Enquirer: 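First the structure, then my questions, so here it is.
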Amino acid sequence: MTPLATSFPDAFTLDYRPEQHLLIGRWLHPVSLAEIKTHYAALLEAAVAHGHCRHWLLDVRRRHINDAAAIAWFADFSRQLPQVLGQPVALAYFAMVDQREATANAGLRENIRQGATHGSRYCYFNQESDALAWLLQQP
């Protein structure tokens, strides 16, 4: 794994696995919406720098995933991912909830639906190994 330099090592880490062409972002504690925006910008920048990496494993266990403002912002941000990186983009969320639980939340369910409309797949997992296995099966 290749750790990438970030300006926020106490809140968010970013790694690249060249053998799997995979980005891994981990939030280390709850963060503000402004921080989330900065972290996703760093993910996108790293993805472009690493050959338009379209597979991301996002460890959000320590971050609030049901924040309405963050969900609304991500709906807008995520539209650019397939345009910038190519299709399909696959984001696996290691969130200690599975896909069924995630879709019970109206905001998350709408993001999943919009992602599919725009050329992305988002899936939620309660085991990191399952998230990684799913990512490695994505085109």
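What you are looking at is a predicted structure, and each value in this text was computed from that prediction instead of being measured.
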Enquirer: With sequence neighbours excluded, tell me which residues meet ring-ring contact (aromatic ring centres under 6.0 Å, His included) with Y40.
Expert: W27, W73, F74, F77
Enquirer: For residues E19 and L22, determine if any side-chain heavy atom of one lies less than 4.5 Å from a side-chain heavy atom of the other.
Expert: no
Enquirer: Tell me the salt bridge (Lys or Arg N to Asp or Glu O under 4.0 Å) pairs involving residues 79-91, sequence neighbours left out?
Expert: D76-R79
Enquirer: Working to the nearest 0.5 Å, report the span between NE2 of H21 and CZ of R54.
Expert: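 The distance works out to 7.0 Å.
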Enquirer: Does the side chain of P30 reach to within under 4.5 Å of the side chain of R63, using non-hydrogen atoms?
Expert: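 They are not in side-chain contact.
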Enquirer: Taking all non-hydrogen atoms of both residues into account, name the closest pair between G115 and Y122 and its distance.
Expert: CA-CE1, 3.5 Å
Enquirer: Considering non-hydrogen atoms only, spot the tightest contact between A47 and L85 and give its length.
Expert: CB-CD2, 3.7 Å
Enquirer: Indicate yes or no for a side-chain donor-acceptor contact from D10 to the backbone of F12 under 3.5 Å, with no hydrogens or angles considered.
Expert: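 The answer is no, because no donor-acceptor pair under 3.5 Å joins these two groups.
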Enquirer: Side chains of V97 and N126: does their closest heavy-atom pair fall under 4.5 Å?
Expert: no
Enquirer: Hey, does the side chain of H50 reach the backbone of R17 with a donor-acceptor pair shorter than 3.5 angstrom?
Expert: no
Enquirer: Of all residues at least two apart in sequence or in a different chain, which pass the salt bridge (charged side-chain N to carboxylate O under 4.0 Å, His left out) check with E45?
Expert: none
Enquirer: For P139 versus H55, what's the shortest heavy-atom pair and its separation?
Expert: O-NE2, 3.0 Å
Enquirer: With a 4.5 Å cut-off on side-chain heavy atoms, are Q80 and L44 touching?
Expert: yes
Enquirer: Do T117 and Q114 have a side chain donor and acceptor closer than 3.5 Å?
Expert: no
Enquirer: Do you reckon M96 sits in the same ILVMFWY cluster as L28, going by side-chain contacts under 4.5 Å, direct or chained?
Expert: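 No, because M96 and L28 fall into different hydrophobic clusters, even though each may have its own neighbours under 4.5 Å.
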Enquirer: May I ask you to test the I65-I71 pair for a side-chain heavy-atom distance under 4.5 Å?
Expert: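 I65 vs I71: side chains apart.
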Enquirer: Take F125 and L132 through the side chain to side chain contact (heavy atoms under 4.5 Å, CB included) test and state the conclusion after the steps.
Expert: CA-CA 9 Å; F125 297 90; L132 183 56; over 6 Å; no
Enquirer: Report the distance from atom CG of L57 to atom CG of L91, rounding to the nearest 0.5 Å.
Expert: 9.5 Å
Enquirer: Checking Q99 side chain against Y124 main chain: does a donor-acceptor pair fall under 3.5 Å?
Expert: yes
Enquirer: What heavy-atom pair brings A11 and V31 nearest, and what distance separates the two atoms?
Expert: CB-CG1, 4.1 Å
Enquirer: Report the C-alpha separation of L136 and Q20 in whole Å, then their side-chain angles, then the decisive distance to 0.1 Å, and conclude whether the side chain to side chain contact (heavy atoms under 4.5 Å, CB included) test is met.
Expert: CA-CA 7 Å; L136 296 176; Q20 297 166 320; 3.7 Å; yes
Enquirer: Which value, rounded to the nearest 0.5 Å, describes the distance between C53 atom SG and L23 atom CG?
Expert: 4.0 Å
Enquirer: How far does OG1 of T38 sit from CG of L33, to the nearest 0.5 angstrom?
Expert: 9.5 Å
Enquirer: Among all residues two or more places apart in sequence or in another chain, which pass the salt bridge (charged side-chain N to carboxylate O under 4.0 Å, His left out) test with R109?
Expert: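 For R109 there are no salt bridge (charged side-chain N to carboxylate O under 4.0 Å, His left out) partners, ignoring immediate neighbours.
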Enquirer: Hey, are the side chains of L108 and T103 touching, using non-hydrogen atoms and a 4.5 Å cut-off?
Expert: no
Enquirer: So do I36 and D67 actually touch side chain to side chain, heavy atoms under 4.5 Å?
Expert: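 Result no, sub-4.5 Å side-chain heavy-atom pair not found.
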Enquirer: Which residues pass the salt bridge (charged side-chain N to carboxylate O under 4.0 Å, His left out) test with E128, not counting sequence neighbours?
Expert: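 With neighbours one apart ignored, the set is R26.
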Enquirer: Test side chain to side chain contact (heavy atoms under 4.5 Å, CB included) on Y93 and C123; report intermediate values, then the result.
Expert: CA-CA 6 Å; Y93 287 92; C123 201; over 6 Å; no
Enquirer: Would I24 and L58 satisfy side chain to side chain contact (heavy atoms under 4.5 Å, CB included), going step by step from the backbone distance to the final call?
Expert: CA-CA 6 Å; I24 300 175; L58 303 175; over 6 Å; no
Enquirer: Sequence neighbours left out, what pairs pass salt bridge (Lys or Arg N to Asp or Glu O under 4.0 Å) with at least one residue falling in residues 84-103?
Expert: D98-R100
Enquirer: Working to the nearest 0.5 Å, report the span between NE2 of H39 and OG of S32.
Expert: 8.0 Å
Enquirer: If you compare all heavy atoms of P82 against all heavy atoms of S120, which two are closest, and at what distance to 0.1 Å?
Expert: CG-OG, 3.4 Å
